[in-house]
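Structure record follows, encoded as structure tokens.
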Amino acid sequence: SANEMLQQVDSNKALPPPGMQEAVEKNMQKVLSEKKQVDKKKEEQLKDINPALVARIRAKEAKRLAQQMTRDPEKDKELAMVERLEPIVRCLRVLYVSAGKGSMLLTEVSRDIASNPRMTMAQPAVEEHVKLLIKICPTWLSIATLRKKEYLKLNRNIDLNIVLDAVNNKQNQLMS
């Protein structure tokens with residue numbers, strides 16, 4: 001930011017280029033005045049709304065932002081993956097029902113899902129998502145290794161809604 005740039009120049013004890021400090025200060029004043037104008041507009045828009053409601057909404061938003069800033073990056077990554085699982089679950093179900101098989105090679109399954117026009121993931125990413133899905137719902141999907149190849153086994157007797165509920169529960173658990 002402009003302040004950091006000025007501090008850097010001050011810490012180096014170098015002379016700033018002519019007019020640089022004035023230009024930075026002028027720009028900072030302009031930004032601050034624009035921010036004040038935006039804040040005034042927001043206040044004018046909110047003047048007809050119950051102040052207690054506005055205060056509750058602001059408190060909730062501040063709490064959400066604080067949680068977001070303190071959240072573990074691994075948890076964020078897992079949450080992003082869980083949010084993308086629903087279409088993968090549907091694709092898996094359609095793939096196994098249309099193939100009429102109980103198990104298929106993991107590489108074939110991930111290739112077929114990755115080649116689906118609705119999916120915008122590469123094959124290795126699909127494999128990661130499938131392995132996460134196995135952790136979330138192990139009764140529906142499992143991996144069996146035969147002759148150094150990984151086969152993905154799907155239990156077609158389990159209702160798809162039960163699997164989707166498990167995915168949604170995991171998503172809600174990660175969000176809280």
Side-chain angles (χ1 to χ4, degrees), residues 1-5 8 27 31 34-35 38-39 41-42 45-46 49 53-54 56-176:
S1 72
N3 281 336
E4 291 170 353
M5 193 167 78
Q8 189 177 28
N27 189 26
V31 168
E34 287 175 358
K35 186 173 180 177
V38 169
D39 289 343
K41 286 181 183 178
K42 284 183 181 178
Q45 291 173 346
L46 296 175
I49 300 175
L53 176 63
V54 172
R56 284 196 317 249
I57 292 172
R58 285 185 177 154
K60 188 175 181 181
E61 183 68 18
K63 181 181 175 187
R64 186 186 64 79
L65 286 174
Q67 283 179 342
Q68 196 173 33
M69 288 191 309
T70 58
R71 190 179 300 159
D72 183 27
E74 288 296 320
K75 192 174 178 182
D76 275 346
K77 182 182 176 187
E78 187 177 8
L79 178 61
M81 287 177 69
V82 170
E83 288 174 346
R84 292 187 293 257
L85 282 181
E86 186 175 334
I88 292 175
V89 168
R90 294 183 190 282
C91 285
L92 278 169
R93 177 73 177 171
V94 168
L95 186 64
Y96 275 85
V97 168
S98 65
K101 297 179 181 178
S103 63
M104 298 172 71
L105 277 172
L106 176 61
T107 54
E108 289 179 11
V109 170
S110 59
R111 184 191 66 229
D112 289 346
I113 291 174
S115 66
N116 186 332
R118 293 184 185 151
M119 302 301 290
T120 57
M121 280 189 250
Q123 186 173 345
V126 172
E127 285 184 20
E128 283 183 45
H129 283 76
V130 168
K131 289 179 181 178
L132 178 62
L133 186 58
I134 291 168
K135 290 178 187 174
I136 293 173
C137 198
T139 58
W140 184 67
L141 196 62
S142 60
I143 288 184
T145 305
L146 295 172
R147 298 183 192 148
K148 299 181 183 178
K149 293 185 179 181
E150 290 183 323
Y151 287 86
L152 199 59
K153 185 176 178 183
L154 186 129
N155 185 353
R156 288 186 280 175
N157 295 329
I158 295 179
D159 187 23
L160 187 64
N161 290 325
I162 294 172
V163 177
L164 293 175
D165 286 344
V167 169
N168 288 334
N169 288 342
K170 180 67 173 182
Q171 184 177 356
N172 291 338
Q173 177 187 8
L174 289 171
M175 290 177 107
S176 61

Compare every heavy atom of [Y] with every heavy atom of [X], then report the nearest pair and how far apart it is.
| X | Y | result |
| --- | --- | --- |
| C91 | N116 | SG-ND2, 3.1 Å |
| E127 | S110 | OE2-OG, 3.3 Å |
| L106 | L152 | CD1-CD2, 4.0 Å |
| L132 | L85 | CD2-CD1, 4.2 Å |
| W140 | V163 | CG-CG2, 3.3 Å |
| M121 | I88 | CE-CD1, 3.4 Å |

Stepwise side-chain contact (heavy atoms from CB on, under 4.5 Å) test for L53 and R56: CA-CA 5 Å; L53 176 63; R56 284 196 317 249; 3.4 Å; yes
R64 and E61 ion-paired at < 4.0 Å: yes
Atom pair OG1 (T139) and CG (N157), whose distance is rounded to the nearest 0.5 Å: 11.0 Å
Pairwise distance CD(Q173) to CG(L79) - rounded to 0.5 angstrom: 11.0 Å
Pairs satisfying side chain to side chain donor-acceptor pair (under 3.5 Å), at least one member in residues 74-103, at least two apart: R71-D76, R84-H129, E86-R90
Note, V167 side chain near K170 side chain (heavy atom, < 4.5 Å): no
Close side-chain approach of V89 and P87, heavy atoms under 4.5 Å: no
Sole residue of T107, V109, L105, I143 in side-chain contact (heavy atoms from CB on, under 4.5 Å) with E150: I143
Derivation of the side-chain contact (heavy atoms from CB on, under 4.5 Å) call for L133 and L92: CA-CA 11 Å; L133 186 58; L92 278 169; 3.6 Å; yes
Check: R111 main-chain N/O paired with S115 side-chain donor or acceptor under 3.5 Å: yes
